[in-house]
Amino acid sequence: MIIILLGPPGAGKGTQATRIMSKNGLVQLSTGDMLRAAVAAETEVGKKAKEFMEAGKLVTDEIVIGIIADRIEEEDCKDGFLLDGFPRTVAQAEALDQLLKDKDLKVDAVVEMKVEDESLVDRITGRYTCANCNQGYHDTNLKPQKADVCDSCGSTNFNRRSDDNRETVVSRLATYHAQTAPLLPFYSAQGVLRTIDGMADIDDVTVQINDVLDKL
Ligand code: AMP
């Protein structure tokens, strides 16, 4: 099964991808996570990507398509995968279709997580994750049960993404509308687009996504 989670930054793609992954045994492929790892490791890709990411702009199609093309060749992707943050342009979507066609595969569903712009800035600027297990939290919406202690692993170290600041978020939203939203008609024309209400609470969004997947 090949699933794409599509939605603006802060829609909850990463959170839902982790949940779907554990329920359905699909591998989560997040280009954002892969690029952040490349930046941290100061690889050639990381050096090229850093400036774009800090400005809230997209990294070039060539770089991300290359990353995904290599990643889907790996053994753990052979039974399917869940894409989170890729594709983000029509050129990336076309390249993905071609990569899959070469393997006699195709995208099974694109789940659009629809969220109003007004709520995204607060969602993003308030979010943080456990530095140890990556569990997600939020300053107001989703605090750990015990202050400053991760519910899942007990760690007291947390990370905030450097691009989760107000200025970069505004740029990331504009980028989404200009370059990524055109994927909606692209996938609608393929008959694979399913839209869910991403404004609902986290558990409800998971139920809606699982409903889509159960019908495939
Ligand atoms: P994300 O974690 O998905 O919000 O991605 C963080 C940043 O990584 C984005 O703002 C982009 O700069 C870059 N990025 C992630 N995925 C892609 C992609 N598919 N195409 C271009 N840039 C990407």
Side-chain angles (χ1 to χ4, degrees), residues 2-18 20-21 27-72 77 81-100 107 110-113 115 117 119-131 134-138 159-184 186-187 198:
I2 295 166
I3 309 294
I4 295 172
L5 286 188
L6 190 64
K13 299 185 295 293
T15 305
Q16 296 298 335
T18 311
I20 298 164
M21 193 175 66
V27 189
Q28 174 190 7
L29 306 186
S30 158
T31 40
D33 285 348
M34 294 177 207
L35 288 166
R36 277 184 288 281
V39 171
E42 298 183 353
T43 64
E44 280 311 307
V45 162
K47 284 179 198 158
K48 286 183 192 153
K50 192 167 186 243
E51 209 177 303
F52 294 102
M53 295 173 78
E54 282 174 355
K57 301 257 187 308
L58 294 185
V59 173
T60 64
D61 288 335
E62 193 194 353
I63 290 179
V64 284
I65 291 166
I67 291 177
I68 287 292
D70 289 345
R71 183 65 183 86
I72 66 176
C77 291
F81 44 86
L82 176 81
L83 289 159
D84 151 21
F86 181 94
R88 260 173 153 106
T89 64
V90 171
Q92 291 178 21
E94 287 170 346
L96 176 66
D97 278 353
Q98 191 56 51
L99 286 168
L100 295 177
V107 172
V110 177
V111 181
E112 179 201 3
M113 300 173 65
V115 180
D117 270 12
S119 66
L120 293 170
V121 177
D122 284 342
R123 279 192 185 201
I124 297 177
T125 53
R127 71 184 180 183
Y128 58 98
T129 51
C130 171
N134 216 27
Q135 171 78 36
Y137 295 99
H138 190 278
N159 286 332
R160 282 180 196 262
R161 279 171 49 175
S162 61
D163 61 346
D164 277 352
N165 60 72
R166 197 161 284 269
E167 198 180 281
T168 310
V169 169
V170 170
S171 167
R172 285 158 66 197
L173 279 177
T175 302
Y176 175 80
H177 288 296
Q179 293 181 265
T180 307
L183 292 179
L184 299 170
F186 178 91
Y187 284 121

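Excluded from the calculations below are hydrogen atoms, water molecules and symmetry mates; all remaining heavy atoms, backbone and side chain alike, are included. Bear in mind the structure is a predicted one, so any value in this text is a computation, not a measurement. In listed order, ligands and their atoms are each counted from 1.
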For this session: Give the residue, atom name and distance (to 0.1 Å) of the protein heavy atom nearest atom 16 (N) of ligand 1.
Result: Thr31 OG1, 2.8 Å
For this session: Please tell me if the side chains of Leu183 and Val90 come closer than 4.5 Å, counting only heavy atoms from C-beta onward.
Result: yes
Problem set entry | Polar proximity ligand 1 side, Val59 side, N/O cut 3.5 Å exclusive | yes
Problem set entry | Sidechain N-carboxylate O distance under 4.0 Å for Asp164, Arg172 | yes
Problem set entry | ligand 1 to Asp33 polar contact by distance, N or O atoms, under 3.5 Å | no
Exercise. Is it true that Asp122 and Arg127 have a side-chain N and a carboxylate O under 4.0 angstrom from each other?
Worked result: no
For this session: Can you sort out which atoms of ligand 1 are near Lys57, meaning under 4.0 Å from one of its heavy atoms?
Result: 11 (C), 12 (O)
Seminar exercise, completed: atom 7 (C) of ligand 1 has as its nearest protein heavy atom Met53 CE, 3.9 Å
For this session: Give yes or no for whether the N/O distance cutoff of 3.5 Å, strictly under, is met between Gly85 and ligand 1.
Result: yes
Exercise. Does a side-chain heavy-atom distance below 4.5 Å link Thr180 with Thr175?
Worked result: no
Exercise. For atom 17 (C) of ligand 1, which candidate among Arg161, Gln92, Arg88, Glu54 provides the closest heavy atom?
Worked result: Arg88
Exercise. Where do Ala93 and Pro87 come nearest, in terms of heavy atoms and distance?
Worked result: N-CB, 3.5 Å
Problem set entry | For the student: nearest non-hydrogen atoms of Pro9 and Ile124, plus distance | O-CD1, 3.3 Å
Problem set entry | Interfacing atoms of ligand 1 (cut-off 4.0 Å, heavy-atom, Leu35) | 8 (O), 13 (C), 14 (N), 15 (C), 23 (C)
Exercise. Of Glu54, Lys48, Lys50, Lys47, which meets side chain to side chain contact (heavy atoms under 4.5 Å, CB included) against Val39?
Worked result: Lys50
For this session: Under 4.0 Å, heavy atoms only, figure out whether ligand 1 is touched by the backbone of Leu58, its side chain, both or neither.
Result: both
